[in-house]
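In what follows, a single structure is set out as structure tokens and then discussed.
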Amino acid sequence: MLDITCDFKSELLGKFAIETEYDIVTVRQTIRQFAKDAGMGIVDQTRITTAVSELFRNMYNYAGGGKVFIESGDVEGHHALIVTCIDHGPGIENLDLAMSDGYTSGMGMGYGLPGAKRLVDRFEIQSKLNEGTTVRIMKWK
Amino acid sequence: MKESFNVKNLKNRIDRIEDILASVAAGDMEARIGSDIEDDFSGIEAAIDLLINDLTDELRERAKVQKELESRLSKIQEQQKTILQQQEDLLELSSPVSKVWDNILILPVIGTLDSQRTQVMMENLLQKIVDTGCTISILDITGVPTVDTQVANHLLKTVTAARLLGAECIISGISPAIAQTIVHLGIDLSAIRTKATLQDAMIYSMKQNKRSEEVKALANISFPNENEG
Amino acid sequence: MNQYEKRIPIIKIHDYLIVPIQVDMHDKQAIQLQSQILEEIARTRAKGVLIDISVLEMVDSFIGRMLSGMASMAAIMDTSVVIVGMQPAVAITLVELGLEMPGVDTALNMEKGMEMLERKLNTRKIDTY
């Protein structure tokens with residue numbers, strides 16, 4: 001449905017579903033382990049773990065859950081850890097607004113998307129009303 | 001006219017040539033035909049042996065060259081590793097954090113700050129704060145000629161992150177040029193304690209130390225009826 | 001009982017409550033902890049709370065907001081909260097996330113946190129004496 005252009009080669013490391021609050025915790029721990037295995041420093045590990053935690057919470061709260069793909073690939077001359085979150089929720093009506101700092105939706109969230117964007121090296125988002133949202137983030141190793 | 005050949009045992013000898021060529025192809029460079037029969041066919045056998053000799057020499061030469069290339073390559077890789085390591089070391093060395101007094105850390109920064117160096121510096125300083133338990137640190141940028149927006153933001157981030165750890169970070173030695181840049185860039189440093197010189201920062205830090213000692217002493221004052229408040 | 005149901009202990013020592021958070025909390029657990037602490041404050045009439053997060057490898061916006069909300073709520077109950085032992089990587093990430101937690105007191109370690117609470121309590125006593 002939603003396609004974000006793939007301009008890189010990658011290898012799938014894992015595929016997970018976010019269905020409960022526990023999944024948010026276990027999958028973000030898995031991603032920290034992947035980041036550690038990839039040789040990232042402690043600060044970068046924390047950055048990507050925190051960023052995915054924000055994205056997973058959005059999926060859980062607004063779309064009731066979704067799927068997560070973790071890949072390792074070569075992008076723009078960097079080795080990258082790539083996390084793609086796909087949900088089939090209500091979608092985001094105004095992406096620019098959702099990406100602006102200090103914006104909070106009904107549930108008192110906010111920080112989520114713009115904060116996650118600041119923590120990673122590349123951030124792509126696509127959303128269609130009533131169809132869902134796809135977010136892909138990358139962190140260079 | 002009919003030519004006559006003087007060849008003995010032709011079938012067996014051709015089989016032997018086949019065998020020898022097969023073992024050479026399989027990598028046995030010692031195999032030779034080495035026939036001691038002298039007739040019209042022995043020339044061909046001798047020529048094949050010579051070719052095998054040449055091939056052996058050639059292969060040996062090639063292996064030698066390859067080995068040399070490999071050793072050069074590994075040397076270059078080794079050097080590259082050293083360069084990378086040194087770059088990292090230099091990055092670490094260029095931001096030495098030292099404890100100069102009870103509870104006080106100093107990080108003197110010298111030279112141009114780029115985003116990467118500031119990042120490493122920030123991580124070092126914060127880690128050192130946690131390791132030493134010092135609650136006051138001075139970031140002295142007297143030796144820094146200019147800063148850009150990104151670097152100024154990193155400095156700001158360092159101070160805020162230090163506060164989250166439970167420590168105060170003071171910036172000293174802001175040159176007129178940097179002050180101008182910071183204000184022109186619209187970066188708000190008002191939330192940060194800045195001191196003109198390292199000396200001022202030291203004096204301030206020691207006063208802070210003394211103050212917390214005094215406040216600590218207050219803990220021993222007893223108040224009557226304190227449980228009825 | 002798995003790690004998700006493990007209760008986070010709230011320890012009372014003299015006038016203080018000590019809360020060592022030693023699990024990667026999910027959101028419900030964080031909300032539960034918040035109300036548990038507030039109830040303990042009311043029940044024990046504690047004057048200060050030390051929340052030790054030194055083993056937390058990650059604080060995202062939800063837990064960050066829970067902690068700063070905790071501090072404001074305790075403040076209107078006349079109790080001070082000090083967040084103790086945040087890791088440098090966590091602090092850097094929080095700042096980049098945009099969560100600078102203004103108004104929240106922090107300390108490098110338990111000892112310094114305790115000193116800070118005592119100091120606050122004494123200044124308050126001097127003010128009201």
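Just so you know, these numbers use all the heavy atoms, side chains as well, and skip hydrogens, waters and symmetry mates. Just so it is clear: chains get the letters A, B, ... in the order the sequence lines come, proteins before strands, and each one is counted from 1. Quick caveat: nothing in here was measured; it's all calculated off a predicted structure.
For Arg163(B) (side chain) and Thr106(C) (main-chain N/O), no donor-acceptor pair under 3.5 Å exists by modelled atom type. A donor-acceptor contact shorter than 3.5 Å is absent between the side chain of Lys157(B) and the backbone of Val95(C).
For a residue to count as touching a neighbouring chain, one of its non-hydrogen atoms must lie under 4.5 Å from one of that chain's; by this rule Gln87(C) touches chain B with the backbone only. Neither the backbone nor the side chain of Val84(C) comes within contact range of chain B; no heavy atom of the residue lies under 4.5 Å from a heavy atom of that chain. For Glu100(C), the parts lying near chain B are the backbone and the side chain together; criterion is any non-hydrogen pair under 4.5 Å. When heavy atoms are compared at a cutoff of 4.5 Å, Ile129(B) approaches chain C by way of both its backbone and its side chain.
In this structure, CG in Leu165(B) is found 12.5 Å from CD1 in Ile83(C), a value given to the nearest 0.5 Å. For the atom pair CE of Met86(C) and CG of Leu126(B), the computed distance is 11.0 Å after rounding to the nearest 0.5 Å. Interatomic distance, OG1 of Thr160(B) versus CG of Leu94(C), reported as 11.0 Å (0.5 Å rounding).
Smallest separation of non-hydrogen atoms from Gln127(B) and Pro88(C): OE1-CG, 3.5 Å. The two residues Ala161(B) and Ala91(C) have their closest heavy-atom pair at O-CB, 3.7 Å.
Atom CD of Glu111(C) is surrounded by 12 or fewer heavy atoms from other residues, nucleotides or ligands within 6.0 Å. More than 12 heavy atoms of other residues, nucleotides or ligands shown are found within 6.0 angstrom of NZ on Lys12(C).
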